[in-house]
Number of protein chains: 2
Amino acid sequence: MEALPADSIDVIFADPPYNLQLGGDLHRPDQSKVDAVDDAWDQFESFQAYDAFTRAWLLAARRVLKPNGTIWVIGSYHNIFRVGASMQDLGYWMLNDVVWRKTNPMPNFRGRRFQNAHETMIWASRDADAKGYTFNYDALKASNDDVQMRSDWLFPICSGAERLKDEAGRKAHPTQKPEALLARVILASTKPGDVVLDPFFGTGTTGAVAKRLGRHFVGIEREDAYIQAAEARIAAVEPLDASALKMAAGKRAEPRIPFASLLEAGLVSPGAELTDAKGRWTARVRADGTIAIGEDAASIHRIGAKVQGLDACNGWTFWHVRSGESLTPIDALRQRIRDALGAVSA
Amino acid sequence: MEALPADSIDVIFADPPYNLQLGGDLHRPDQSKVDAVDDAWDQFESFQAYDAFTRAWLLAARRVLKPNGTIWVIGSYHNIFRVGASMQDLGYWMLNDVVWRKTNPMPNFRGRRFQNAHETMIWASRDADAKGYTFNYDALKASNDDVQMRSDWLFPICSGAERLKDEAGRKAHPTQKPEALLARVILASTKPGDVVLDPFFGTGTTGAVAKRLGRHFVGIEREDAYIQAAEARIAAVEPLDASALKMAAGKRAEPRIPFASLLEAGLVSPGAELTDAKGRWTARVRADGTIAIGEDAASIHRIGAKVQGLDACNGWTFWHVRSGESLTPIDALRQRIRDALGAVSA
DNA sequence: TTCGAATATGAATCCTGTC
DNA sequence: TGACAGGATTCATATTCGA
């Protein structure tokens with residue numbers, strides 16, 4: 001990065017090492033082993049060593065950024081807080097933090113934490129008083145059903161045909177990002193012809209998307225194998241026509257509403273009774289979002305299945321709340337919540 | 001917080017000042033003024049001053065936390081990165097970052113950034129090696145259509161009747177959090193009877209929810225007006241019945257049953273054959289509660305692992321007994337013993 | 001060839017009680 | 001405190017396998 005001229009880059013996208021600190025091996029419930037990110041480039045002696053590394057590249061990045069340039073940095077809870085604090089210390093000015101919500105994250109196999117289902121991106125300008133940075137507000141809004149783009153984005157992880165493989169059929173890079181994510185970043189914060197720098201180029205997702213979208217790019221990478229994979233990949237990319245540069249919209253789906261949300265919304269109270277349509281069974285609602293018949297407590301689905309002697313049951317349609325003479329399926333209460341959510345995507 | 005005894009708190013929920021740096025008033029497109037958070041308690045001279053404040057309260061919080069206690073801190077991009085880095089520096093161990101996605105966030109009026117539609121919570125244990133912290137995995141899963149709870153939560157902001165107002169009808173606190181958010185936090189990470197500390201109590205959302213859910217709480221607040229609003233609010237809260245507060249627990253909480261108990265109960269006989277679900281392997285039960293293939297005898301787990309060439313195996317679900325045409329997992333026989341035990345103790 | 005079943009896998013700081 | 005062993009634990013998607 002030192003070789004680049006100062007004030008020459010419009011946007012930086014950086015996916016630095018996350019400094020994961022893994023204990024032993026992790027196995028799925030079927031006893032298969034999870035392929036951990038244990039590469040040497042992700043190992044640091046201490047937080048201090050990681051901070052020194054972070055400040056060094058952030059400082060170099062700030063030098064090459066144009067006064068109205070902006071920077072994106074992606075990370076997880078392992079590193080993003082340290083990175084963010086360093087960015088503020090060095091004079092970057094935060095514009096947003098943006099959450100990449102994964103449609104298909106890896107589960108938490110041991111059931112000891114919440115499923116780690118998102119990563120965080122920081123979007124910042126070079127200086128606190130920078131006003132002229134690029135933000136294609138109208139294009140984003142138009143591509144988002146004419147409502148302004150939120151700070152939480154929904155994309156699948158990079159897999160299938162998009163995921164680069166080596167000769168042996170293994171993933172070429174352990175942390176390849178989806179092109180859809182980069183496309184939104186670039187379409188949001190650059191103009192055609194701008195120069196995008198990626199100081200942790202890896203297998204070149206940033207370069208591939210930049211080329212396709214008619215932006216120039218500079219990639220920096222240490223590992224030969226990654227460089228070769230990136231070069232082959234980018235050579236195969238066809239730039240789009242100027243007229244075709246439109247936004248890939250994020251996926252929209254019905255959000256999953258936990259039964260607990262009915263409690264939180266006050267539509268059902270802890271201690272309330274649920275019955276089936278014919279009033280044959282009655283269960284009592286508990287504060288934790290399970291229901292109970294006697295000592296037997298579980299989800300609305302499991303208890304519904306159990307009383308009927310079935311393997312499965314849709315508790316949303318099976319269970320009802322009584323309001324005066326009539327019974328209302330709890331699915332109708334769920335629909336009320338969904339209606340209230342409006343355009344918020346899953 | 002200095003007055004509290006050390007190692008006395010199960011969970012801390014903290015909503016510290018956000019250190020917002022607003023350059024002048026913000027107006028909506030219709031020229032109405034946005035009611036910004038510009039209270040005196042939210043003003044800091046510099047990042048250094050904010051960091052010193054943050055480290056001081058985080059340090060005091062860590063002293064009062066039990067060894068297996070956990071802490072939640074909520075913030076926005078203005079402060080959460082500094083807070084998170086300080087937490088790591090002080091020895092807290094991050095378990096998750098959790099994103100609160102707002103169904104109805106304030107729009108970005110200027111159209112110069114993404115709509116700031118989420119806040120970030122950090123959930124951390126006191127020490128890196130703390131394994132015994134409370135996480136009600138099974139209850140959360142059962143309340144969420146039987147899939148594990150993710151790190152991105154969807155809730156409306158606090159408004160309407162839930163939002164506390166002062167005598168003049170203005171909001172009593174500028175950043176009142178929704179009770180639904182606190183309910184999920186408390187249900188996820190505490191047991192009934194636990195003690196929850198909120199060092200930035202404000203108008204007492206944490207206390208109100210803790211009281212309703214049968215948890216004890218300690219609130220710390222400097223502003224008299226907030227204290228009075230919180231006291232009145234919490235006095236009006238009715239705790240839920242103990243029966244509604246029972247937490248769902250999974251197999252982990254079930255009493256251990258040695259395989260030998262199946263022999264003693266006559267559910268399996270010495271010399272009987274066990275097979276896996278597909279009938280690929282067969283082992284013979286021995287009177288001492290081990291099973292054997294040829295001369296090779298060990299526990300149901302070790303033999304199951306060995307035949308599959310794996311390091312581990314749950315013998316309870318792997319091995320089956322034949323009854324006529326069908327195979328019954330020995331786990332079902334174990335369940336019969338547990339049911340019988342429950343009947344006795346109940 | 002087709003369809004359903006079985007297998008593979010992803011930035012993961014992922015167990016607990018007893019001797 | 002360390003070693004040992006019991007046995008609990010997964011969601012969405014893509015690909016391969018088998019009938």
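Order of the sequence lines fixes the chain letters, A, B, ..., with proteins taken first and strands second; residue numbering starts at 1 for each chain. Computed from a predicted structure; not experimentally measured. Values below: every heavy atom of this structure, side chains too, minus hydrogens, waters and symmetry copies.
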| field | A:Glu119 CD - C:dA12 C1' separation (whole Å) | value | 11 Å
| said: By the 4.0 Å heavy-atom rule, please label A:Thr175 as base, sugar-phosphate, or nothing. | reply: base
| query | Any side-chain N or O of A:Arg28 under 4.0 Å from OP1/OP2 of D:dA8? | reply | no
| said: With a 4.5 Å cut-off on side-chain heavy atoms, are B:Arg126 and B:Asp7 touching? | reply: yes
| field | Nucleotide nearest A:Leu20 (side chain, heavy atoms from C-beta), chosen from C:dC14, C:dA11, C:dT9 | value | C:dA11
| task | Specify the separation, in whole Å, of atom CG of A:Leu181 and atom P of C:dG10. | result | 18 Å
| request: Nearest whole angstrom, please: distance from the C1' of C:dA11 to the CG of A:Asp15. | output: 9 Å
| said: I'd like to know if B:Gln148 reaches the base of D:dT9 with its side chain, counting only an N/O donor and acceptor under 3.5 Å. | reply: no
| field | Salt bridge A:Lys102-A:Glu119, side-chain N to carboxylate O under 4.0 Å | value | yes
| request: Indicate whether OP1 or OP2 belonging to D:dA8 is found under 4.0 Å from a side-chain N or O atom of B:Arg334. | output: yes
| Lys/Arg N to Asp/Glu carboxylate O, B:Asp89 vs B:Arg55, below 4.0 Å | yes
| query | To the nearest angstrom, how far is B:Asn96 atom CG from C:dA11 atom C1'? | reply | 14 Å
| remark: By nearest-heavy-atom nucleotide on DNA chain D, the more 5' of B:Asp311 and A:Met106 is B:Asp311
| query | So, is B:Tyr133 close to the C:dC14 phosphate, meaning a side-chain N or O under 4.0 Å from OP1 or OP2? | reply | no
| message | Classify A:Cys158 by what it touches in the nucleic acid, base, sugar-phosphate, or nothing, heavy-atom distance under 4.0 Å. | response | nothing
| Choosing from D:dT13, C:dG10, D:dC11, which nucleotide comes nearest the side chain of A:Thr103? | D:dT13
| field | A:Phe114-B:Tyr137 aromatic ring centre distance below 6.0 Å | value | no
| message | Counting only side-chain nitrogens and oxygens, does B:Asn314 get under 4.0 Å of the OP1 or OP2 atom of D:dA8? | response | yes
| task | Could you tell me whether B:Asp276 and B:Lys278 have a side-chain N and a carboxylate O separated by less than 4.0 Å? | result | no
| task | Taking atom C1' in both C:dT1 and D:dC17, compute the distance separating them and give it to the nearest angstrom. | result | 15 Å
| request: Respond yes when some side-chain nitrogen or oxygen of B:His301 is under 4.0 Å from OP1 or OP2 of D:dG6, and no when none is. | output: no
| said: Quick check on D:dC11: is either OP1 or OP2 less than 4.0 Å from any side-chain nitrogen or oxygen of B:Arg150? | reply: no
| message | Between A:Asn19 and A:Gln43, is the side-chain contact (heavy atoms from CB on, under 4.5 Å) condition met? List the steps. | response | CA-CA 6 Å; A:Asn19 190 25; A:Gln43 306 299 316; over 6 Å; no
| said: Of the listed nucleotides (D:dG6, C:dA12, D:dA8), which one gets closest to any side-chain atom of B:Arg302? | reply: D:dG6
| request: Anything below 3.5 Å on both distances counts as a pair; with that, list the stems of at least three consecutive Watson-Crick or G-U pairs involving DNA chain C. | output: C:2-10 with D:11-19, C:15-19 with D:2-6
| request: Taking the six-membered ring of A:Tyr50 (Phe, Tyr or Trp), confirm whether the NZ or CZ of A:Arg82 is under 6.0 Å from its centre and within 45° of its axis. | output: no
| Tell me: NZ of A:Lys33 to C1' of C:dC14, nearest whole Å? | 15 Å
| field | Salt bridge A:Lys306-A:Asp296, side-chain N to carboxylate O under 4.0 Å | value | yes
| field | Whole-Å C1' distance, C:dC14 and D:dG7 | value | 15 Å
| task | Using atom CZ of A:Arg256 as one end and atom P of D:dC11 as the other, report the distance to the nearest whole Å. | result | 9 Å
| When all nucleic acid strands are considered with a 4.0 Å heavy-atom cut-off, which category describes B:Ile257: base, sugar-phosphate, or nothing? | sugar-phosphate
| Among D:dA8, C:dG10, D:dG6, which is the nearest nucleotide to the side chain of B:Ser299? | D:dG6
| said: Looking at A:Lys171, I'd like to know whether one of its side-chain N or O atoms comes within less than 4.0 Å of OP1 or OP2 on C:dG10. | reply: yes
| message | D:dG6, OP1 or OP2 - any side-chain N/O from B:Arg252 closer than 4.0 Å? | response | no
| Hey, does A:Pro105 reach any base, or is it just sugar-phosphate, or nothing, if we go heavy atoms under 4.0 Å? | base
| request: Assign a letter to each nucleotide of nucleotides 14-19 of chain D from its 5' end: B, base within under 4.0 Å of a protein heavy atom; S, sugar-phosphate only; -, no contact. | output: SS----
| query | Which nucleotide in the set D:dT9, D:dA8, C:dA11 lies at the smallest distance from any side-chain heavy atom of B:Asp138? | reply | D:dT9
| In whole Å, what is the span from the CD1 atom of B:Ile300 to the C1' atom of D:dG7? | 8 Å
| field | Pairwise P distance for D:dA8 and C:dT18, with rounding to whole Å | value | 15 Å
| message | Looking at A:Lys177 and C:dA11, is any side-chain donor or acceptor paired with a base atom of the opposite kind under 3.5 Å? | response | yes
| said: Apply ring-ring contact (aromatic ring centres under 6.0 Å, His included) to residues B:Trp123 and B:Tyr133 and explain how you reach the verdict. | reply: CA-CA 11 Å; B:Trp123 182 42; B:Tyr133 60 86; 5.6 Å; yes
| When all nucleic acid strands are considered with a 4.0 Å heavy-atom cut-off, which category describes A:Asp42: base, sugar-phosphate, or nothing? | base
| field | 5'-most by nearest nucleotide on DNA chain C - B:Lys278 or B:Tyr92 | value | B:Lys278
| Thinking salt bridges, do A:Asp35 and A:Arg170 make one under a 4.0 Å N-O criterion? | no
| message | Does D:dC11 have OP1 or OP2 under 4.0 Å away from a side-chain N or O of A:Lys102? | response | no
| Taking the side chain of A:Asp30 as heavy atoms from C-beta outward, which of C:dC14, C:dT9, D:dG7 is closest to it? | C:dT9
| remark: Testing C:dC15, C:dG10, C:dA12 for proximity to the side chain of A:Asn116, the answer is C:dA12
| Nearest non-hydrogen partners of B:Leu140 and B:Ser143, listed with the distance | O-OG, 2.9 Å
| When you measure from the side chain of A:Gln31, which nucleotide among C:dC14, D:dA8, C:dA12 comes out closest? | D:dA8
| request: Tell me what A:Gly24 touches on the nucleic acid: a base, only sugar-phosphate, or nothing, going by heavy atoms under 4.0 Å. | output: base
| request: Quick one: label A:Pro16 by what it contacts on the DNA or RNA (base, sugar-phosphate, nothing), any heavy atom closer than 4.0 Å. | output: base
| task | Just say parallel, tilted or perpendicular for the rings of B:Trp72 and B:Trp153, cut-offs at 30° and 60°. | result | tilted
| said: Starting the side chain at C-beta, find the nucleotide from C:dA11, C:dC15, C:dT9 nearest to A:Arg112. | reply: C:dC15
| query | Atom CG of B:Asp129 and atom P of C:dC15: how far apart are they, to the nearest Å? | reply | 12 Å
| field | Under-4.0 Å salt bridge between A:Arg334 and A:Asp331 | value | yes
| field | Parallel, tilted or perpendicular: ring planes of A:Tyr226 versus A:Trp41, cut at 30 and 60 degrees | value | perpendicular
| task | Considering only atom C1', compute the distance from C:dA8 to D:dT10 and round it to an integer number of Å. | result | 13 Å
